Amino acid sequence: MPVVRGKNIDVLFSPEQIAERNLDLAKQIATEPKEDLLVISILKGSFIFAADLLRALHAAGLEPEVEFITLSSYGKGTKSQGVRIIKDIDSEVRGRDVLLIDDILESGNTLRFARELMYERGARNVSIAVLLDKTCRREGTLNADFVGFECPDYFVVGYGMDVAYAFRELPFVGVVTGDA
Ligand code: IMP
Ligand code: MG
């Protein structure tokens, strides 16, 4: 079991599993024709997934433009209640196909906000790709179009995801289980 920062980390999804799944996802995404595709990575958690998925999209024959938006959930405790824009995209989305990339779909509040925002701005179609889906935590009916893995109800870290800014560099997705 890997030890990082003095903590034991249980590996849930290995680098190899993730890499293989990214290629599958990219192939799925590329099956439908795209109109002036704009891929938007939702920061900060999705930066590593987006970097890998984008290269898989290239391998699958797509030629997207790429943007970044930083969104933050606010509200009491750990439950996301509202979402606000910390740093917006610069690009025009009117008439374009947009693919939103995020690390985890949990309550759905973040992605619901992002999708509505892009439709309000005139996007032709908005689809959603997430590495992990915590279906059991969903509030409302939002679903992703492309899901890497169903995620058990643990707080996960690694592959871009953090606890207080730590553990983002891990090449796998894991769960902190305790002191080493
Ligand atoms: P939602 O708005 O409830 O769907 O929350 C999704 C966001 O919460 C994700 O984009 C993540 O940034 C964050 N998040 C949810 N669960 C976890 C977790 O287990 N580890 C790290 N971040 C998480
Ligand atoms: Mg996030």
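Atoms within each ligand, like the ligands themselves, are counted from 1 in listed order. If you're wondering where the values come from, they're calculated on a predicted model, not measured in any experiment.
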Yes or no on side-chain hydrogen bond (donor to acceptor under 3.5 Å, both in side chains) for E150 and T135, after CA distance, side-chain angles and deciding distance?
CA-CA 7 Å; E150 176 62 31; T135 316; 2.5 Å; yes

Verdict with supporting geometry, Y159 and D52, side-chain hydrogen bond (donor to acceptor under 3.5 Å, both in side chains):
CA-CA 10 Å; Y159 201 65; D52 284 347; 2.7 Å; yes

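Across A56 and L23, no two heavy atoms sit closer than the pair CB-CD2, 4.0 Å.
For F113, the closest heavy-atom approach to ligand 1 does not fall below 4.0 Å.
Ion pairing between a basic and an acidic side chain is recognised when a charged N comes within 4.0 Å of a carboxylate O; D36 and R96 show such pairing. Look at D145 and R115 and you find no salt bridge, because none of the NZ, NE, NH1 or NH2 atoms lies under 4.0 Å from a carboxylate O. Using a cut-off of 4.0 Å between Lys/Arg side-chain N and Asp/Glu carboxylate O, E106 and R137 are scored as not salt-bridged.
Only the side chain of D102 comes within 4.0 Å of ligand 1, counting heavy atoms alone; its backbone N, CA, C and O stay farther away.
Between L43, D162, D103, it is D103 that holds the heavy atom closest to atom 12 (O) of ligand 1. Summarising the contacts of atom 5 (O) of ligand 1 with R137, K44, K134, E106, the nearest heavy atom is found in E106. Between I42, I104, L111, it is I104 that holds the heavy atom closest to atom 17 (C) of ligand 1.
Residue F155 has no N or O atom closer than 3.5 Å to an N or O atom of ligand 1. In terms of polar-atom proximity, defined here as any N/O pair under 3.5 Å, S107 does make such a contact with ligand 1.
The distance from ligand 1 to the heavy atoms of G108 drops below 4.0 Å at these ligand atoms: 1 (P), 3 (O), 4 (O). Residue-ligand proximity, T110 to ligand 1, at heavy-atom distances under 4.0 Å covers atoms 1 (P), 2 (O), 5 (O), 6 (C). Under a 4.0 Å criterion applied to the non-hydrogen atoms of Y154, ligand 1 contributes the atoms 19 (O).
Judged as a ring pair (Phe, Tyr, Trp, His ring centres under 6.0 Å), and not counting sequence neighbours, the contacts of F149 are F13.
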